[in-house]
Amino acid sequence: MRVTTSFPLGTLRDTPSEAEIISHQLLLKAGYIRRVNSGIYAYMPIMLRVIEKISTIIERELNSIGCTKLLLPQLHPADLWKKSERWEGYTAGEGIMFNLKDRQGKEFGLAPTHEEVITSIASEIINSYKQLPQCFYQIQTKFRDEIRPRFGLMRSREFIMKDGYSFHSSGNDLASFYEKVGNAYSNIFKSCGLQTVGVEADSGAIGGASSKEFMVTADAGEDSILFTESGSYAANIEKAVSIPSQPIPLKDSISGVLETPQQKTIQEVCKNNNFEPSQIVKVVVFLAKLESKSEVPILACIRGDQHINEVKLFNLINNLHNSNLLKLQKIEDKNIIEKNLVNFPLGFIGPDLDNEIIKADSGWNKKWTRIVDHSACNLSKFISGANKVNFHKVFQEFSFSSKDYTIDDIRNAKKGDKVKNGNDEELEEKKGIEIGHIFQLGQKYSEKLNAKFSDKDGQLKNLWMGCYGIGVTRIAQAAIEQNHDQKGICWPIQISPFEVIVIPTNLKDPIQKDLTEQVYNVFLNNKIDVLLDDRDDRAGVKFKDAELIGIPFQIIIGRDSVNKEVELICRKNNTKLKISTDKLLKTFISESEIMYNRDS
RNA sequence: CGGGGCGUGGCGCAGCUUGGUAGCGCGGGUGCUUUGGGAGCACUAGGUCGCAGGUUCGAAUCCUGUCGCCCCGACCA
């Protein structure tokens with residue numbers, strides 16, 4: 001491809017001010033993407049080549065384990081989503097799905113994911129166990145109405161994703177295929193030149209039993225992952241389970257009610273009264289909004305030195321009540337408190353907060369749903385709010401094990417915690433970018449959408465399902481986050497838009513010009529992805545651009561053209577080889593082979 | 001939705017406090033010079049200063065409203 005006749009590179013001299021993280025800055029500066037609106041980007045020709053390379057790698061690996069590519073619609077009828085009971089949650093609750101009405105007033109959603117559509121189609125074409133297993137996938141644009149799009153392609157409202165859905169006759173078959181996909185994913189990310197870790201994850205709104213995320217480790221990542229150095233354990237912080245540190249026991253001499261004026265936080269109480277955070281039980285109040293429209297107040301207790309994991313809490317509440325939980329919010333808004341509660345001692349709440357405090361005329365459930373974390377329920381003596389403003393008190397022999405309290409894990413695991421009893425390994429923490437997620441959905445969707453097959457025994461049974469996602473555009477950006485330097489991007493060769501760029505330094509010199517054409521054509525004829533920077537610009541400009549856009553190899557055609565000699569430069573480590581054009585192709589092929597093999 | 005910031009040519013920004021009808025660098029075009037690390041000189045095109053009201057003889061500048069964008073938080077297949 002020639003720069004002059006195919007597309008303007010569109011590189012920028014200055015870094016656009018809107019971009020915060022390096023990968024986003026480089027994508028814009030090097031002309032890969034253009035912002036059209038918040039979270040909406042155009043993929044320029046050079047970007048599309050990256051996307052296509054990633055897609056090809058994904059297709060190769062998935063096809064090799066028996067997956068089949070297809071293409072599904074993006075405009076989904078609301079009816080289908082109502083059958084799976086996700087319409088409300090995805091529009092009213094989380095509001096993650098763009099939705100609209102057609103001229104007849106029929107409702108539609110712009111697809112953020114495709115379980116409903118694929119399941120309904122699969123149920124039509126799969127009749128017998130003899131046709132199983134099946135796995136379909138597609139690579140296309142997804143839509144999500146993000147509350148706050150950010151970091152370029154990392155969290156955008158339109159993004160390209162590979163999503164796959166598998167169908168099985170049994171849970172065992174699903175589990176083994178899930179493993180196979182997990183392996184294929186590892187191959188894919190390795191083939192893309194990325195360093196990833198697989199972690200246990202929460203399955204979120206998609207639901208299902210088992211779920212694993214693939215993370216690119218990078219400081220710019222939005223997720224926290226906890227892992228042991230040996231690799232024996234790795235999980236997303238949303239899911240991670242650990243043993244909390246030992247609490248420091250309270251002195252025997254302390255008892256009764258304590259005056260704690262204005263001391264609303266754990267820190268203030270500790271500082272003013274000489275306590276340790278682990279001697280306090282923190283009580284946080286939430287309001288749970290259910291799909292059945294009922295609103296349930298929640299009282300969550302945890303040891304003072306620990307933090308509540310709202311994802312765990314969300315899932316727990318979801319299981320505790322019959323209706324789907326749409327939203328969980330902290331109760332802290334003054335108006336909401338005044339409207340629904342009487343003399344609410346915010347900042348001084350204890351685990352025994354009375355149900356009477358909920359106003360009779362409030363729309364809330366009249367009883368607190370009381371939840372206590374393991375870290376708090378074993379304390380024999382602790383400090384907590386006295387349910388009276390400016391007072392705390394000492395709780396002794398307080399029993400959480402009455403049936404009023406649900407005891408469970410609602411705690412954030414953290415760096416330094418032990419993984420489990422009898423294992424001395426400590427958790428470490430890193431930031432990660434989620435680029436892949438696989439789920440064992442089980443029969444959740446097939447049940448709702450009535451997707452059945454005839455099994456060996458002649459019985460109609462629900463299909464077992466798995467679903468598997470890869471963020472294609474996210475991979476591209478994550479790769480830059482992991483592979484760049486002061487000068488710009490350093491693409492892993494596997495997903496670079498071009499393998500090599502030919503840079504003639506002076507096209508006015510007929511010898512250089514002839515040699516350039518000769519070299520370019522040799523590479524073209526040998527099916528190498530080569531870009532020819534045939535712009536009539538100064539050499540320095542072309543060098544800078546080549547470095548910025550990050551092509552792994554540069555061939556400089558210059559002064560030594562008279563001797564049929566050129567330079568082959570490796571972008572990443574800046575090594576230069578001066579070689580004659582006779583040996584150029586062979587040398588390039590062996591050098592690039594090394595690079596392909598090292599990274600994949 | 002809460003907190004903070006910003007909207008001035010394609011990009012990065014100044015001007016606003018103290019009103020007088022727009023400027024700098026990069027980029028674009030033309031010409032000459034230059035030619036292995038984002039060149040030099042000259043000429044040139046390009047902006048109703050986000051939008052709408054208001055104050056004023058006069059508004060990019062002051063006031064009110066509104067829209068948009070970015071960052072932090074909440075939220076997150």
Side-chain angles (χ1 to χ4, degrees), chain A residues 8-21 24-25 28-29 31 34-40 86 89-90 93-97 109 111-116 142-152 154-157 159 161-165 201-208 211 213 222-223 236 238 286 310-311 314 326-330 332-336 434-439 441 467-471 474 487-488 503-509 512 535-548 554 556-561 566-567 569 574 576 578:
Chain A
L9 287 175
T11 53
L12 303 172
R13 193 72 164 268
D14 302 302
T15 302
S17 61
E18 70 191 47
E20 191 70 8
I21 63 173
H24 185 198
Q25 291 175 348
L28 287 166
K29 192 177 178 194
R34 307 278 312 177
R35 193 180 67 83
V36 172
N37 204 288
S38 175
I40 303 177
R86 289 210 294 180
Y90 270 69
E94 302 297 340
I96 206 78
M97 181 156 66
T113 176
H114 282 75
E115 284 80 8
E116 283 78 2
K142 291 279 181 286
F143 300 88
R144 294 186 58 187
D145 187 0
E146 289 289 345
I147 299 175
R148 181 153 88 86
R150 64 187 119 170
F151 303 145
M154 288 295 189
R155 185 158 297 276
S156 51
R157 297 194 287 177
F159 56 97
M161 177 171 145
K162 186 289 296 178
D163 52 325
Y165 307 88
D202 178 68
S203 49
I206 269 204
S211 150
E213 282 174 344
E222 293 187 89
D223 294 294
N236 188 309
E238 292 177 349
F286 294 87
E310 291 192 24
V311 172
F314 189 101
L326 291 183
K327 203 174 172 188
L328 181 66
Q329 63 184 91
K330 270 190 194 157
E332 49 194 358
D333 184 273
K334 246 188 219 158
N335 296 330
I336 292 178
E434 178 191 350
I435 55 166
H437 203 158
I438 59 178
F439 302 82
L441 295 175
C467 98
Y468 318 96
I470 292 180
R474 226 184 224 192
K487 297 173 186 167
I503 305 173
T505 55
N506 184 2
L507 280 171
K508 292 210 174 75
D509 175 354
Q512 283 191 31
R535 289 178 299 175
D536 188 17
D537 260 307
R538 298 166 64 83
V541 174
K542 297 199 244 186
F543 293 154
K544 292 285 185 202
D545 272 345
E547 283 156 354
L548 179 60
Q554 300 160 9
I556 314 294
I557 296 176
R559 304 186 198 93
D560 300 317
S561 295
V566 299
E567 275 170 294
I569 300 179
N574 204 30
K576 285 183 201 177
K578 189 177 275 192

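Within every chain, numbering begins at 1; the chains are lettered A, B, ... in the order of the sequence lines, protein sequences first and strands thereafter. Excluded from the calculations below are hydrogen atoms, water molecules and symmetry mates; all remaining heavy atoms, backbone and side chain alike, are included.
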Query raised in the report: Is it true that the NZ or CZ of A:Arg86 lies under 6.0 Å from the centre of A:Tyr90's six-membered ring and within 45 degrees of the ring axis?
Result: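 Cation-pi check for A:Arg86 and A:Tyr90: passes.
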
Distance between the [atom1] atoms of [N] and [M], in whole angstroms?
N: B:U33; M: B:U17; atom1: P; answer: 49 Å
N: B:C24; M: B:G9; atom1: P; answer: 15 Å
N: B:A60; M: B:U8; atom1: P; answer: 15 Å
N: B:G15; M: B:A77; atom1: C1'; answer: 47 Å
N: B:C6; M: B:G12; atom1: P; answer: 16 Å
N: B:G40; M: B:G36; atom1: P; answer: 16 Å
N: B:G46; M: B:C41; atom1: P; answer: 23 Å
N: B:A45; M: B:G5; atom1: P; answer: 39 Å

By nearest atom, which of the nucleotides [options] is closest to the [X] side chain?
X: A:Ile147; options: B:C70, B:C75, B:G36; answer: B:C75
X: A:Glu567; options: B:C11, B:C76, B:G36; answer: B:G36
X: A:Arg148; options: B:C71, B:A39, B:A77; answer: B:C71
X: A:Phe159; options: B:G36, B:A77, B:C70; answer: B:A77
X: A:Thr505; options: B:A77, B:G36, B:G73; answer: B:G36
X: A:Arg150; options: B:G36, B:G73, B:A77; answer: B:G73
X: A:Arg559; options: B:G37, B:C70, B:G36; answer: B:G36
X: A:Ser17; options: B:C13, B:A77, B:C70; answer: B:C13

Under 4.0 Å, counting only non-hydrogen atoms across every strand here, what does [X] touch: a base, just sugar-phosphate, or nothing?
X: A:Phe151; answer: sugar-phosphate
X: A:Pro16; answer: sugar-phosphate
X: A:Ile503; answer: nothing

Between atom [atom1] in [X] and atom [atom2] in [N], what is the gap in whole Å?
X: A:Leu548; N: B:G37; atom1: CG; atom2: P; value: 18 Å
X: A:Leu9; N: B:G27; atom1: CG; atom2: P; value: 15 Å
X: A:Lys508; N: B:U34; atom1: NZ; atom2: P; value: 10 Å
X: A:Gln25; N: B:C11; atom1: CD; atom2: C1'; value: 14 Å
X: A:Arg155; N: B:A77; atom1: CZ; atom2: C1'; value: 9 Å
X: A:Glu20; N: B:G4; atom1: CD; atom2: P; value: 18 Å
X: A:Arg474; N: B:C76; atom1: CZ; atom2: P; value: 14 Å
X: A:Arg538; N: B:U33; atom1: CZ; atom2: C1'; value: 11 Å

d(A:Asn506 CG, A:Ile557 CD1) to nearest 0.5 Å is 12.0 Å

When you measure from the side chain of A:Arg474 to the backbone N and O of A:Met154, does any donor-acceptor pair fall under 3.5 Å?
->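 Yes; judged by distance alone, with no hydrogens or angles, the pair exists.
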
> Would a distance-only check, ignoring hydrogens and angles, find a side-chain to backbone donor-acceptor pair under 3.5 Å from A:Lys142 to A:Thr113?
Replying inline: no

field: Pairing partner of B:C1 (Watson-Crick or G-U wobble, both distances under 3.5 Å)
entry: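 B:C1 is paired with B:G73.
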
When both distances are under 3.5 Å in a Watson-Crick or G-U wobble arrangement, the nucleotide paired with B:C32 is B:G40

Is there a side-chain contact between A:Glu547 and A:Gln554 (heavy atoms, below 4.5 Å)?
->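 Yes - at least one pair of side-chain heavy atoms lies under 4.5 Å apart.
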
Of A:Arg34 and A:Pro112, the one whose nearest nucleotide on RNA chain B sits closer to the 5' end is A:Arg34

| request: Identify, between A:Arg535 and A:Glu222, the residue whose nearest nucleotide on RNA chain B lies closer to the 5' end. | output: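 Whichever sits nearer the 5' end wins; that is A:Arg535.
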
Does A:Asp14 get its side chain close enough to the base of B:G27, under 3.5 Å, for a donor-acceptor pair?
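Side chain to base: no pair present.
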
State whether A:Asn37 places a side-chain N or O below 4.0 Å from either non-bridging phosphate oxygen (OP1 or OP2) of B:C69.
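Yes, because at least one side-chain N or O of A:Asn37 sits under 4.0 Å from OP1 or OP2 of B:C69.
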
* Asked: Can you find a side chain N or O atom of A:Ser38 that sits less than 4.0 Å from OP1 or OP2 on B:C70?
  ->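 It does, given that an N or O in the side chain of A:Ser38 lies less than 4.0 Å from OP1 or OP2 of B:C70.
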
